[in-house]
Amino acid sequence: MPELPEVETVRRGLEAAMVGARLAAVKQRRPDLRFPFPERFAERLIGQRVEALRRRAKYLIADLDGAEVLIMHLGMSGSFRIEQARGPIPGAGVKNSLHDHVAFDLSTGARIVYNDPRRFGFMQLIPRPEFAGHPLFHNIGIEPLGDEFDGATLARLFAGKTTSLKAALLDQTLIAGLGNIYVCEALHRAGLSPRRAAGSLVRKDGTPSARATRLARVIRAVLNEAVAAGGSSLRDHRKTDGALGYFQHSFRVYGRDLEPCARCGGAVRRIAQAGRATFYCGGCQR
DNA sequence: AGTTGCACCTGGCTGC
DNA sequence: TGCAGCCAGGTGCAAC
């Protein structure tokens with residue numbers, strides 16, 4: 001489900017509820033999600049105060065006042081909802097909560113519930129000093145909404161690459177946080193074919209072409225617009241208050257195969273790249 | 001080294 | 001109505 005805008009939307013919702021609060025009760029209702037939970041997961045969390053909630057790539061990172069950080073990844077179908085705690089956290093097998101896997105009761109009386117039908121998400125506890133060098137993070141690429149992301153950076157990252165633009169933009173070790181939707185949308189806005197070689201955006205002397213500069217600009221724009229819209233809700237993504245994001249209404253190519261391109265009137269096509277669907281307009285994306 | 005394919009899961013949709 | 005088949009926003013690893 002969640003690419004950068006969806007994770008950022010969730011982060012903002014959780015931040016408002018969690019930062020400054022203590023974890024009064026934690027329930028973990030199964031031994032694993034994508035990976036096993038850390039040893040003594042609940043025990044290590046109870047009593048901790050949440051000092052900050054950050055996002056890096058598609059990861060949520062809760063800074064705790066102890067020595068650890070809580071890492072949370074939503075996988076494909078994870079979501080958080082915030083409700084008022086009424087009574088103890090239900091155990092497993094309770095009706096209507098089959099995929100509620102973790103719940104945190106806060107000192108404020110709020111309850112944060114993690115739901116994830118496909119269980120591709122995971123949670124991890126990492127000592128705070130080691131967190132940046134942890135295998136999950138040490139190889140993660142640049143933040144596309146960060147100050148240093150521009151055409152020159154894109155050129156540096158893509159120089160010499162013969163792989164497709166689509167694959168290069170999805171590569172989390174280069175740029176962190178883009179997924180299938182926003183790559184398709186950004187390439188359409190930039191008028192660039194997803195099949196073009198990534199290195200073709202770089203001049204011989206290593207400086208960015210006008211295309212690289214434009215692509216960096218539209219990536220930033222599409223992500224900012226999506227964050228402002230609360231992300232894209234196709235099926236699973238919800239804001240923490242249960243509301244839907246609405247950026248899906250702004251898609252220009254994603255999921256629109258056989259429809260006319262709004263820019264040039266050409267037909268939007270769907271192809272497969274590296275086993276994943278790519279949507280683009282063959283008329284105006286070159 | 002760089003790519004591709006597959007695996008991990010469940011649920012929703014399509015078509016027979 | 002049922003069921004098989006296919007597809008899905010992510011990522012890590014094995015295999016070419």
Side-chain angles (χ1 to χ4, degrees), chain A residues 1-11 29-37 55-60 71-80 92 96-101 114-124 134-141 144 157-187 194-195 197-199 219 222-223 226-227 229-239 244-258 270-279:
Chain A
M1 138 212 273
E3 305 182 30
L4 186 155
E6 290 73 38
V7 178
E8 178 60 23
T9 297
V10 170
R11 188 197 69 77
R29 304 211 307 182
R30 50 176 302 123
D32 54 35
L33 293 170
R34 179 171 185 184
F35 307 120
F37 280 93
R55 179 191 58 72
R56 173 77 172 104
K58 299 170 192 170
Y59 293 87
L60 293 166
I71 308 297
M72 298 172 282
H73 195 288
L74 302 173
M76 290 280 272
S77 61
S79 65
F80 282 96
N96 294 335
S97 62
L98 181 61
H99 300 300
D100 290 349
H101 303 307
Y114 179 69
N115 181 282
D116 187 356
R118 293 176 72 179
R119 307 203 301 270
F120 285 164
F122 60 92
M123 296 191 187
Q124 188 57 267
H134 188 277
L136 284 174
F137 294 98
H138 84 276
N139 212 15
I140 292 227
L157 293 172
F158 287 181
K161 290 222 178 301
T162 57
T163 192
S164 68
L165 260 185
K166 172 80 187 299
L169 291 170
L170 281 177
D171 185 343
Q172 302 296 300
T173 70
L174 300 176
I175 302 168
L178 294 175
N180 209 24
I181 290 177
Y182 297 105
V183 167
C184 291
E185 292 299 312
L187 286 172
R195 299 147 72 119
I219 286 171
V222 76
L223 293 176
V227 170
S232 303
S233 292
L234 296 187
R235 41 177 49 112
D236 297 303
H237 171 65
R238 298 265 171 168
K239 298 166 77 169
L244 299 171
Y246 56 87
F247 191 76
Q248 65 277 14
H249 302 302
S250 301
F251 291 171
R252 300 182 188 178
V253 287
Y254 188 84
R256 291 185 176 273
D257 48 316
L258 306 182
R270 176 192 169 123
I271 61 170
Q273 285 181 295
R276 314 199 54 193
T278 295
F279 299 90

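The sequence lines fix the lettering, A, B, ..., with proteins before strands; numbering per chain opens at 1. Note that this is a predicted model, so its numbers are computed, not measured.
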Apply the test salt bridge (Lys or Arg N to Asp or Glu O under 4.0 Å) to residues A:D32 and A:R30: give CA-CA distance (whole Å), side-chain angles for both, the deciding distance (0.1 Å), then the verdict. CA-CA 6 Å; A:D32 54 35; A:R30 50 176 302 123; 2.9 Å; yes
What do the steps show when you test A:F279 against A:F251 for ring pair (Phe, Tyr, Trp, His ring centres under 6.0 Å), and what is the final call? CA-CA 11 Å; A:F279 299 90; A:F251 291 171; 9.4 Å; no
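A:H73 has a side-chain polar atom (N or O) that falls below the 4.0 Å cut-off from OP1 or OP2 of C:dT11. For B:dT3, one of the phosphate oxygens OP1 or OP2 lies less than 4.0 angstrom from a side-chain nitrogen or oxygen of A:T162. For the pair A:H99 and B:dC9, the criterion of a side-chain N or O lying under 4.0 Å from OP1 or OP2 is not met. In this structure, A:Y182 does not reach the C:dG9 phosphate: none of its side-chain N or O atoms is under 4.0 Å from OP1 or OP2.
Comparing C:dC7, C:dG10, B:dG2 against the side chain of A:K58 picks out C:dG10 as the nearest. Listed candidates were B:dG2, C:dG10, C:dC7. Nearest to the side chain of A:P2 is C:dG10. Comparing C:dT11, C:dA8, C:dG12 by their nearest atom to the side chain of A:M76 picks out C:dA8.
Under the side chain to side chain contact (heavy atoms under 4.5 Å, CB included) rule, A:P117 has a single partner from A:R235, A:H99, A:M76, which is A:H99.
Residue A:L98 contributes atom CG, which lies 9 Å from atom P of B:dT10 at whole-angstrom precision. We find that CZ of A:F35 is positioned 15 Å from P of C:dG10, with the value rounded to whole Å. Going from atom CZ of A:R30 over to atom C1' of B:dC8 covers 12 Å, rounded to whole Å. Between A:Q172 atom CD and C:dG9 atom P the separation is 13 Å, expressed in whole Å. In this structure, A:M72 places its CE atom 17 Å from C1' of C:dG10, rounding to the nearest Å. Separating the CG atom of A:D171 from the C1' atom of B:dA1 is a distance of 12 Å, rounded to the nearest angstrom. Between A:L170 atom CG and B:dT4 atom C1' there is a gap of 14 Å when expressed in whole angstrom units. In this structure, CG of A:N115 is placed 14 Å from C1' of B:dC9, rounded to the nearest angstrom.
Residues A:Y182 and A:E6 meet the side-chain proximity criterion, which asks for heavy atoms closer than 4.5 Å. Side-chain atoms of A:P2 and A:V10, non-hydrogen and from C-beta on, never get closer than 4.5 Å to each other. Contact check for A:S233 versus A:Q248: side-chain heavy atoms found under the 4.5 Å cut-off.
At the heavy-atom level, A:Y59 lies under 4.0 Å from the strands shown only through sugar-phosphate atoms. A:A277 comes within 4.0 angstrom of sugar-phosphate atoms only, judged by non-hydrogen atoms across all strands, and of no base.
Nucleotide C:dG9: unpaired (no Watson-Crick or G-U wobble partner with both distances less than 3.5 Å). Taking a pair to require two hydrogen-bonding distances under 3.5 Å in either a Watson-Crick or a G-U wobble arrangement, B:dC9 remains unpaired. As the counterpart of C:dT1, no nucleotide is assigned, since no Watson-Crick or G-U wobble pattern has both distances under 3.5 Å.
Remark: the A:R276 side chain and the C:dA8 base include no donor-acceptor N/O pair separated by less than 3.5 Å. A:R118 contributes a side-chain N or O that forms a donor-acceptor pair with the base of B:dC9 under 3.5 Å. With hydrogens and angles ignored, a donor-acceptor pair under 3.5 angstrom links the side chain of A:R34 to the base of C:dT11.
When each of A:F120 and A:T163 is assigned the nucleotide of DNA chain B with its nearest heavy atom, A:T163 is the one assigned upstream, toward the 5' end. Each of A:R235 and A:L33 was matched to the nucleotide of DNA chain B holding its nearest heavy atom; the match closer to the 5' end belongs to A:L33.
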